[in-house]
Number of protein chains: 2
Amino acid sequence: MTDTAPRPTLEAVAARAGVSRATASRVVNGGDGVREPLVERVRRAVEELGYVPNQAARSLVTRRHDAIAVVVAEPETRVFADPFFALQLRGISKELTAHDNQLVLLLTEGRDDHARVGRYLAGGHVDGALVFSLHLDDPLPGLIQRAGVPTVFGGRPGWSDGLRDVVYVDSDNRGGARDAVRHLVGLGRTRVAHITGALDQTSAVDRLEGFKDVMGDAGSRLVVHGDFTPAGGERAMRELLDRCPDVDAVFAANDLTAAGALRVLRERGRRVPEDVAVIGFDDMQPVAEQTDPPLTTVRQDIEEMGRLMARLLLHGDDELPRGTPAGVVLPTTMVHRASA
Amino acid sequence: MTDTAPRPTLEAVAARAGVSRATASRVVNGGDGVREPLVERVRRAVEELGYVPNQAARSLVTRRHDAIAVVVAEPETRVFADPFFALQLRGISKELTAHDNQLVLLLTEGRDDHARVGRYLAGGHVDGALVFSLHLDDPLPGLIQRAGVPTVFGGRPGWSDGLRDVVYVDSDNRGGARDAVRHLVGLGRTRVAHITGALDQTSAVDRLEGFKDVMGDAGSRLVVHGDFTPAGGERAMRELLDRCPDVDAVFAANDLTAAGALRVLRERGRRVPEDVAVIGFDDMQPVAEQTDPPLTTVRQDIEEMGRLMARLLLHGDDELPRGTPAGVVLPTTMVHRASA
DNA sequence: GTGAAAGCGCTAACAC
DNA sequence: GTGTTAGCGCTTTCAC
């Protein structure tokens, strides 16, 4: 580990350009109110010296960090089972990069980590936080609120204790679910079932609500619990077939669940979509395109959700429609393949 | 965005504890050489005030940041097609967290971003870097080397211009490939084919080498190019069947490729493993367990690779065996399922 | 418009 | 052992 040559300081730049440190600083920070020839000289000095501002020194006085934290709570490790997480990150990263912000990634596993994250956020090391994968009973929001860091949540938060004023970005889970179920009904299916996701997440709850919106409470007979995993989908599908052998359509809470269900249907000799039509949710390409048959599903633009979250955090309320509750819900679209 | 109350400074803690700032600082940083009663008083003051050290101020003088950068080059977006990336991150995160380091994530897409990353690393904002997904012609290593930041690479770097002294962590791709091919041969298969990965990545090259180690150059006839994607696997499998209809075993460069191959085999009416035995690489659970039939594959411990990279970076050469080239190669293991 | 000077909050010599 | 002091590199009043 070689000692690197000491980095040039603003002082060095100023000396080389024959100006004061103050002027050099002005130029480095945009150059407003500095006469053109000086600007030019400083710019050249920066170039020649390969000067890069010391972010620590800058932060010390400005109290800004140009960095935001991305907090991913993944007690289930489900986060790692599908590319959801990576896609959101990509969107976030693009947006942050465009505004010269750094992304500090905080992964948490279980409660012990919450304290650590809380401490970090409270420490004022970042200008804001993007928080994901909250479950209904998660203590993190409280910690964050107390830390006083501007925050945008990914997905509608599920706490019930007097809806606090939070900003969040979510897909139209309920509307997307309605579209899917209506499509199945439009196909003439009459015994439409729903395999839910993990119901401690609002996305699962909302998709279930969408299903009920169309099927009514009567439909509840054909609701069976899954957990967003293929294994959960298999289990649920078996239960469903046992309980109601003449089911002719399934709306699964996500593509992974649908993939599991498809496998069981094949195993039991049901043809898809002839005997049973199946629709998923997410449009996770590698999953939805590779199932047999390829999956009809409800697409959400995951990367855009990430971008939007970052944009909301950076530009604050400029982006939010006035007077609305502070949630932004992105539309979903149906993607038609062979399974329904 | 409420203004948060000004954070307490070390000064405040010192005052409250009735000691000097220096003593307070010593206690905060471990408390060596400070008498017990004072330590106690300072600790209490910290507690009562909710003091959190200002990292910027600290970095300014120590020139350390307790932060490392994770650079992921993903021109292919392949990074997002499988959970590989997420698993590595998880390992890295755990290790960093255990040593109170932060993880700054730098995602790059294409060449434009390289300059940005180079500038960031050269800016001395982090204590080190973990770099992934290098392709053979990647300019990033050069930039990084020039930046003078301690770096550990994920995967054997592929540049040829006089092997520079780099530290890297890799799986035993070649050995794992040999195991897989030997297993196929042991099954009595005589026409064993290989679908390669993207050959601008060393992992693909090494797996191909492993295949050749066992099959000899004669085996080359049955080598066909893939790109680590299911679509690539399908394409390659079709080509293979056309070119050599009596192929009786396939070693695919990864599980995704194998999944594609399996689909084509089924489509063409070949039974697996009776007619054609198939082995993958990675043991990507969600893929390998869900194929039909479930995939026999070569497992690499991805999370451990991440951990090890972080450990190597943080503890420097303590962990590296003396006098060895600075690469650490992790063993692979075969996982037997139904496909071979 | 430009420069001089005062810190931001902390650590690390160096005295005591 | 503990306190005093001098910066780390930068931005930002405030004079000029």
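We name chains A, B, ... by the order of the sequence lines, and we start the count at 1 in each one.
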Is [X] near enough to [N] that one of its side-chain N or O atoms lies under 4.0 angstrom from OP1 or OP2?
| X | N | result |
| --- | --- | --- |
| Ser25(A) | dT11(D) | yes |
| Arg63(A) | dG9(C) | yes |
| Thr23(A) | dT2(C) | no |
| Thr9(B) | dG9(C) | no |
| Asn29(B) | dT11(C) | yes |

Flag, side chain of Thr97(B) to backbone of Ser93(B), donor-acceptor distance under 3.5 Å
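Yes; at least one donor-acceptor contact below 3.5 Å.
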Any donor and acceptor pair, going by atom type alone, linking the side chain of Arg7(B) with main-chain N or O of Ala122(A) inside 3.5 Å?
yes
Measure from [atom1] on [X] to [atom2] on [N] and round the result to the nearest Å.
| X | N | atom1 | atom2 | result |
| --- | --- | --- | --- | --- |
| Asn54(B) | dC8(C) | CG | P | 12 Å |
| Leu10(B) | dT11(C) | CG | C1' | 9 Å |
| Leu60(A) | dG7(C) | CG | P | 14 Å |
| Glu11(B) | dT5(D) | CD | C1' | 13 Å |

Is it the case that dG3(D) (base atoms only) and Arg26(B) (side chain only) share a donor and an acceptor within less than 3.5 Å, ignoring hydrogens and angles?
yes
I'd like to know if Arg35(A) reaches the base of dT2(C) with its side chain, counting only an N/O donor and acceptor under 3.5 Å.
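Donor-acceptor pair under 3.5 Å: no.
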Pair Leu143(B)-Val117(B), side chain to side chain contact (heavy atoms under 4.5 Å, CB included): steps then yes or no:
CA-CA 9 Å; Leu143(B) 288 174; Val117(B) 171; over 6 Å; no
Arg58(A) vs Val19(B), nearer the 5' end of DNA chain D by closest nucleotide:
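Looking at DNA chain D, the more 5' nearest nucleotide goes with Val19(B).
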Global bending angle along the helix from dG1(C)-dC16(D) to dC16(C)-dG1(D), which compares the axes of five pairs at either end, to 10 degrees:
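If I round to tens, the end axes sit 40° apart.
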So, Glu95(A) and Arg90(A), do they make that salt bridge, N to O below 4.0 Å?
no
Arg16(B) bridged to Glu11(B) by N-O distance under 4.0 Å:
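Salt bridge flag = no for Glu11(B) with Arg16(B).
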Measure the shortest side-chain to side-chain distance between Val131(B) and Val152(B) over non-hydrogen atoms and say whether it is less than 4.5 angstrom.
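No. Closest side-chain heavy atoms not under 4.5 Å.
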On DNA chain C, does the nearest nucleotide to Val28(B) precede the nearest nucleotide to Val34(A) from the 5' side, or the other way round? Give the residue.
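On the 5' side of the pair lies Val34(A).
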Any donor-acceptor pair under 3.5 Å linking the side-chain atoms of Arg64(B) with those of Asn101(B)?
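There is no such pair between these side chains.
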